[in-house]
Amino acid sequence: MSIARATTVGSGASSCSANRAGTEEDARAKPLGIWTFVVADCASFAVLFLVFMTERSQQRTLFSASAAQLDVPLGLTNTLILLTSGWLVARATASAEAGDRDAVVRHLALALPSGAAFGLVKIVEYWRKISAGTTPLSNDFFSYYFVLTGLHFLHYLAGIGVLILLLSKARRQGSVIDQNFRHFLESGAIYWHLVDLLWIFLFPMLYLQGL
């Protein structure tokens, strides 16, 4: 009888340990997945940046003259917008770790319209360029400009979708924030910071070389 009871207790303890180990492995795997994507995506953009810089070294006059036609104040405005939105998402992540559900919702609710402002500014900038007759076919610089900023804009749109989903999930959280949501929020924040990072490279590379 004692042996059977001890066996049962031992099995239960082993099961709990296995469950905890599995949970910890899952927790590590979720951020690892998004980090793998981020590294691969950054590597892809790094290749594009290298191709752009190589082409620029061969056509310095054309690239500088074309870059001078870009709207630096709008580019700087979008940089500040993304940095602000990224900071708000970081605050939401910190609030989730602290278990403050209301602060998570509040910061995400501010990050979303802040991030959306980037898209509005970028659309205005595209519209001005195209209205003035500047298109991807204008010259090599603008071919790269529209391709690079266009790819970034696709990442940005996906990021806005992520922020909407995060805010929706945050509002459905109870008084205690569950671990799955924390992991999802962390992954979403990492992706949004990727959007920030790519733009931080694009802004000086495209806009400031014409100054």
Side-chain angles (χ1 to χ4, degrees), residues 34 37-92 107-164 166 188-211:
I34 188 63
F37 169 79
V38 166
V39 171
D41 204 52
C42 284
S44 299
F45 267 90
V47 172
L48 293 174
F49 292 164
L50 180 61
V51 172
F52 172 85
M53 296 304 290
T54 300
E55 192 70 26
R56 176 193 170 193
S57 68
Q58 297 171 358
Q59 303 185 66
R60 288 187 179 276
T61 302
L62 172 66
F63 273 50
S64 294
S66 299
Q69 299 176 40
L70 296 181
D71 195 322
V72 175
L74 283 185
L76 179 59
T77 298
N78 264 346
T79 302
L80 296 176
I81 285 171
L82 283 183
L83 290 175
T84 300
S85 183
W87 177 78
L88 289 167
V89 171
R91 293 306 306 155
H107 285 115
L108 288 176
L110 291 172
L112 182 55
S114 174
F118 174 92
L120 294 176
V121 172
K122 196 64 199 165
I123 289 171
V124 167
E125 187 177 6
Y126 279 148
W127 178 78
R128 286 182 179 178
K129 282 283 167 285
I130 293 172
S131 296
T134 303
T135 71
L137 301 178
S138 295
N139 59 38
D140 287 342
F141 173 84
F142 282 110
S143 294
Y144 283 108
Y145 167 79
F146 280 102
V147 168
L148 290 172
T149 59
L151 286 173
H152 176 265
F153 198 75
L154 291 176
H155 283 66
Y156 157 80
L157 290 176
I160 287 294
V162 169
L163 290 183
I164 291 171
L166 286 173
I190 290 171
Y191 180 81
W192 189 248
H193 292 320
L194 169 66
V195 175
D196 295 346
L197 179 65
L198 292 176
W199 183 257
I200 287 171
F201 278 96
L202 284 171
F203 173 63
M205 189 175 73
L206 293 173
Y207 290 77
L208 301 186
Q209 66 168 302
L211 296 180

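Values below: all heavy atoms of this structure, side chains included; hydrogens, waters and symmetry mates excluded. Quantities reported herein were computed from a predicted structural model and do not represent experimental measurements.
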Decide yes or no on side chain to side chain contact (heavy atoms under 4.5 Å, CB included) for Leu202 and Phe49, but give the supporting numbers first. CA-CA 9 Å; Leu202 284 171; Phe49 292 164; 3.6 Å; yes
Those residues that, when tested against Asp41, pass salt bridge (Lys or Arg N to Asp or Glu O under 4.0 Å) (two or more places apart):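 Testing Asp41 for salt bridge (Lys or Arg N to Asp or Glu O under 4.0 Å), a comparison that skips the adjacent residues, returns none.
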Counterpart residues, side-chain hydrogen bond (donor to acceptor under 3.5 Å, both in side chains), relative to [X] (two or more places apart):
X	answer
Glu55	Gln59
Thr79	Trp199
Tyr145	Lys122, Glu125

Contacts of type side-chain contact (heavy atoms from CB on, under 4.5 Å), residue [X], not counting sequence neighbours:
X	value
Ser44	none
Thr54	Leu50, Gln58
Ile200	Leu83
Val121	Leu74, Asn78, Ile81

Going by side chain to side chain donor-acceptor pair (under 3.5 Å), name the pairs with one or both residues in residues 81-92, residues two or more places apart or in two chains.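 Non-adjacent pairs meeting side chain to side chain donor-acceptor pair (under 3.5 Å): Ser85-Trp192.
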Restricting to non-hydrogen atoms, name the atom on [X] and the atom on [Y] that form the minimum distance, rounded to 0.1 Å.
X	Y	answer
Phe203	Leu76	CE1-N, 3.4 Å
Gly115	Ile160	C-CD1, 3.8 Å
Leu197	Cys42	CD2-SG, 4.2 Å
Asp196	Leu82	OD1-O, 3.3 Å
Val89	Ala111	CG2-CB, 3.8 Å
Ser64	Gln209	OG-O, 4.0 Å

Decide yes or no on side chain to side chain contact (heavy atoms under 4.5 Å, CB included) for Met205 and Met53, but give the supporting numbers first. CA-CA 8 Å; Met205 189 175 73; Met53 296 304 290; 3.8 Å; yes
Is there a donor-acceptor pair under 3.5 Å between the side chain of [X] and the backbone N or O of [Y]?
X	Y	answer
Ser143	Asn139	yes
Ser66	Leu62	yes
Tyr156	Gly119	yes

Rounded to the nearest 0.5 Å, how far does CG of Leu194 lie from CZ of Phe45?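 Here the interatomic distance stands at 7.5 Å.
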Could you give the distance from CG (Leu108) to CD1 (Ile164), rounded to the nearest 0.5 Å?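 Here the interatomic distance stands at 11.5 Å.
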Evaluate side chain to side chain contact (heavy atoms under 4.5 Å, CB included) for Gln69 paired with Phe141, printing each intermediate quantity in order. CA-CA 11 Å; Gln69 299 176 40; Phe141 173 84; over 6 Å; no
Do His152 and Phe118 have their ring centres less than 6.0 Å from each other?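 Ring-ring flag for His152/Phe118: true, centres closer than 6.0 Å.
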Check ring-ring contact (aromatic ring centres under 6.0 Å, His included) between Phe52 and all other residues, then give those that pass, not counting sequence neighbours.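 Phe52: ring-ring contact (aromatic ring centres under 6.0 Å, His included) contacts with Phe63, Tyr144.
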Run the ring-ring contact (aromatic ring centres under 6.0 Å, His included) test against Tyr126 and tell me which residues pass, sequence neighbours left out.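 With neighbours one apart ignored, the set is Phe146.
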Pairs in or reaching into residues 126-144: which pass salt bridge (Lys or Arg N to Asp or Glu O under 4.0 Å), with residues at least two apart or in two chains?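 Found Asp71-Arg128.
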Does any part of the side chain of Pro136, heavy atoms only, come nearer than 4.5 Å to the side chain of Val147, both counted from C-beta?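 Of all side-chain heavy-atom pairs linking Pro136 with Val147, none is under 4.5 Å.
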Close side-chain approach of Leu48 and Leu151, heavy atoms under 4.5 Å: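 Yes. Closest side-chain heavy atoms under 4.5 Å.
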Phe201 atom CZ, neighbour heavy-atom count above 12 within 6.0 Å: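 Check fails, neighbour count at 12 or below.
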